[in-house]
Amino acid sequence: MAHTMAATAAASGVRTGGPSDEERDRLIDQALGWTLTVLVAVIVTGLGLL
C-alpha cells in the first residue's frame with residue numbers, strides 16, 4: 001500500500017516540503033560560491049601570499 005501511495009503522490013505532483021526549484025538553485029549557487037572562496041583562501045595561504 002505504501003508503494004501505491006508513493007506512486008500516487010509522485011504522479012499528482014504533491015510536494016513534500018523541500019525547497020522549491022528556485023530556492024534549490026540559489027542554495028547551490030551559494031554553496032559553490034563559498035566552496036570557491038574557501039578554495040582560493042587555502043591556495044593563497046598555502047602559497048604564502050597572505
Side-chain angles (χ1 to χ4, degrees):
M1 181 163 162
H3 177 64
T4 305
M5 288 174 50
T8 304
S12 65
V14 174
R15 294 198 43 87
T16 59
S20 68
D21 290 338
E22 290 179 13
E23 290 174 345
R24 184 179 10 217
D25 291 342
R26 186 176 56 93
L27 289 172
I28 291 172
D29 286 346
Q30 286 200 352
L32 290 175
W34 278 110
T35 303
L36 180 62
T37 302
V38 170
L39 180 63
V40 169
V42 167
I43 291 172
V44 167
T45 304
L47 293 175
L49 299 175
L50 183 66

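Any value given below was found using the heavy atoms of this structure, including those in side chains, with hydrogens, waters and symmetry copies removed. Since the model is a prediction, treat every value here as computed from it, not as a measurement. Just so you know, residue 1 is the first one in the sequence shown, and it goes up from there.
Hydrophobic clustering (ILVMFWY, side-chain heavy atoms < 4.5 Å, transitive): Val44 and Val38 are in distinct clusters. Note on Ile28: it does not cluster hydrophobically with Leu36, by side-chain heavy-atom contacts below 4.5 Å among ILVMFWY residues. Hydrophobic clustering (ILVMFWY, side-chain heavy atoms < 4.5 Å, transitive): Trp34 and Val40 are in distinct clusters.
The existence of a salt bridge linking Asp29 and Arg26 is excluded, since no basic side-chain nitrogen approaches an acidic carboxylate oxygen closer than 4.0 Å.
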